[in-house]
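This chain uses plain numbering: 1 for the first residue, then up along the sequence.
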Amino acid sequence: MFVLLTLWLIVFCNLNRADFGFSLLGKIWKLGYEPGCRTFTTLINGFCLDGKTLKAVELFNAMVERGYWPDVVTYGTMINGLCKTGDTSAAIGMLRKMEGGGCKPDRVVYSAIIDRLCKDGLMIQGLNLLLEMMGKGISIDIVTYNSLIYGLCNSCQWEEVLGFLKEVDRREVTTDIRTLYMLIDMLCKEGMTSEPKCVIELMNQRGVEPDIVTYSILMDAYCMRDQMDNARKVYDLMLERGCHPDACCYNILIKGYCRSRRMEEAMSLIEEMSGKRLVPDIVTYNILIGGMCSVGRLEAVQELRNEMQAHGKHPDIFTYATLLDKLCKNQNVDEAMKLLKKLKVVGWILTL
């Protein structure tokens with residue numbers, strides 16, 4: 001009977017109904033059974049997943065009061081739950097309680113708190129915990145380093161980021177794809193992407209093959225800086241390495257060309273998409289319509305609207321908003337008024 005009730009308790013927690021699981025805990029006690037530490041941990045985790053951290057804390061305290069000794073997994077679950085709600089003070093308090101109870105915190109426990117502190121911009125506290133962790137001889141993995149690098153990147157502490165990367169290399173900790181994404185993002189934000197190949201080579205040196213996300217981040221960074229030749233180099237490099245662009249990649253490049261008023265190159269990418277059997281989506285058409293409006297090519301706008309409808313794509317609120325915005329900015333008030341009247345007839349004005 002005890003095993004069956006425990007199994008049901010686990011099922012309820014997995015279904016995000018920790019409250020039902022808690023009622024089974026009362027049943028277990030009434031029948032004279034003594035639940036183990038894992039049963040409490042399952043319930044605590046269930047409450048944390050349900051966003052009921054206070055309930056989890058109450059259960060944890062009740063567990064201790066009844067003479068049960070939480071282990072590293074129970075403490076870790078409780079600390080992780082507190083960190084997810086942003087209550088780092090309570091999480092650190094739980095860490096101290098853990099140490100006071102003779103339970104040694106492990107890397108997972110420290111990493112959870114450090115990660116939350118870094119996300120909240122509390123880098124000094126995060127670094128202090130890292131030093132404490134190292135002082136206790138607990139090994140640091142790339143997950144912990146990534147949390148710190150993320151926090152330092154967000155606070156623009158680039159020298160410290162490079163220092164941590166050197167530390168990662170010195171300790172022979174293997175970097176993962178997340179580390180490299182953060183690095184690329186940092187380089188792009190600071191405009192330090194002088195040559196696309198340099199960034200790609202950095203990834204190759206660390207044993208990571210760039211994927212479509214990497215190339216997209218780089219292309220977007222160049223497009224945002226109106227460095228379309230470099231964006232195109234990234235695109236060509238992607239093709240050379242056998243990575244096939246998707247509609248999202250094309251949209252990034254098309255948007256860049258439209259922003260630079262290089263409409264012929266934007267349209268050539270549409271033809272290229274068709275050759276690869278990639279159908280432009282509503283986002284693609286909205287980008288192109290905005291670009292054509294910006295350069296005053298209203299006939300091309302109508303052609304695009306006809307083409308998108310032929311492909312089963314119907315103009316949405318963003319299409320019409322883009323049209324109205326661009327027409328007004330280009331002093332085509334008459335055309336804007338005609339479109340507005342049309343929208344009134346079909347009822348779109350209510351949405352707008």
Side-chain angles (χ1 to χ4, degrees), residues 111 115 118-119 140-154 156 158 161-162 164-169 171-260 265-266 268-284 286-287:
S111 293
D115 183 65
C118 292
K119 282 177 179 173
I140 304 166
D141 63 2
I142 194 58
V143 175
T144 314
Y145 277 120
N146 279 348
S147 297
L148 290 158
I149 290 169
Y150 174 85
L152 291 168
C153 284
N154 271 359
C156 303
W158 312 124
V161 170
L162 294 174
F164 264 103
L165 287 171
K166 288 175 183 176
E167 181 70 11
V168 167
D169 283 339
R171 290 178 175 270
E172 297 182 347
V173 177
T174 306
T175 52
D176 63 7
I177 194 73
R178 184 171 175 240
T179 319
L180 294 164
Y181 282 159
M182 285 189 290
L183 274 177
I184 290 170
D185 192 48
M186 176 191 80
L187 290 168
C188 291
K189 283 176 180 175
E190 289 301 294
M192 295 186 283
T193 50
S194 57
E195 278 297 325
K197 282 189 176 180
C198 295
V199 183
I200 302 301
E201 282 168 11
L202 172 67
M203 296 190 75
N204 289 332
Q205 285 169 12
R206 294 179 178 272
V208 178
E209 182 65 29
D211 61 6
I212 196 165
V213 178
T214 315
Y215 291 115
S216 296
I217 291 171
L218 271 173
M219 280 196 297
D220 192 45
Y222 287 125
C223 288
M224 291 296 287
R225 286 172 175 77
D226 200 23
Q227 297 176 20
M228 292 312 299
D229 291 338
N230 270 338
R232 184 71 197 203
K233 282 180 185 178
V234 175
Y235 174 79
D236 293 337
L237 195 60
M238 176 170 57
L239 294 179
E240 283 174 26
R241 292 177 175 267
C243 187
H244 302 290
D246 59 8
C248 184
C249 281
Y250 278 108
N251 285 347
I252 289 169
L253 211 49
I254 290 167
K255 188 174 183 179
Y257 280 129
C258 288
R259 190 185 287 117
S260 301
E265 284 150 299
S268 70
L269 286 173
I270 293 292
E271 292 174 14
E272 193 175 308
M273 286 179 77
S274 299
K276 293 180 179 179
R277 295 183 179 179
L278 279 172
V279 181
D281 56 18
I282 189 69
V283 176
T284 317
N286 285 347
I287 292 168

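- Shown here are the side chain to side chain contact (heavy atoms under 4.5 Å, CB included) partners of Ser274, two or more places apart in sequence or in another chain: there are none.
- Two residues are said to be in side-chain contact when any heavy atoms from C-beta on lie closer than 4.5 Å; Met273 and Pro245 fail this criterion.
- Of the inter-residue distances, the one linking His244 atom NE2 with Leu278 atom CG reads 11.0 Å to the nearest 0.5 angstrom.
- Once rounded to the nearest 0.5 Å, the distance linking CD1 of Ile212 with CE of Met238 reads 6.0 Å.
- Distance check: Leu152 CG to Cys118 SG gives 7.0 Å after rounding to the nearest 0.5 Å.
- In this structure, Lys255 and Ile287 approach most closely via the heavy-atom pair CA-CG2, 3.5 Å.
- Rounded to the nearest 0.5 angstrom, Cys248 SG and Met219 CE are separated by 8.0 Å.
- Atoms CG and CD1, from Asp211 and Ile217 in turn, are 8.5 Å apart once rounded to the nearest 0.5 Å.
- Atom SG of residue Cys243 and atom OH of residue Tyr215 lie 6.0 Å apart, to the nearest 0.5 angstrom.
- Panel note: side chain Asp141, backbone Thr144; a donor-acceptor pair is recorded below 3.5 Å.
- With respect to Lys233 and Asp229, no salt bridge is recorded, no charged nitrogen being found less than 4.0 Å from a carboxylate O.
- Residues forming a side chain to side chain contact (heavy atoms under 4.5 Å, CB included) with Cys223 (at least two apart in sequence, or on another chain): Met228, Ala231, Ile252, Leu253, Arg259.
- Here the side chain of Thr284 pairs a donor or acceptor atom with the backbone of Asp281 at under 3.5 angstrom.
- With sequence neighbours left out, Tyr250 forms a ring pair (Phe, Tyr, Trp, His ring centres under 6.0 Å) with Tyr235.
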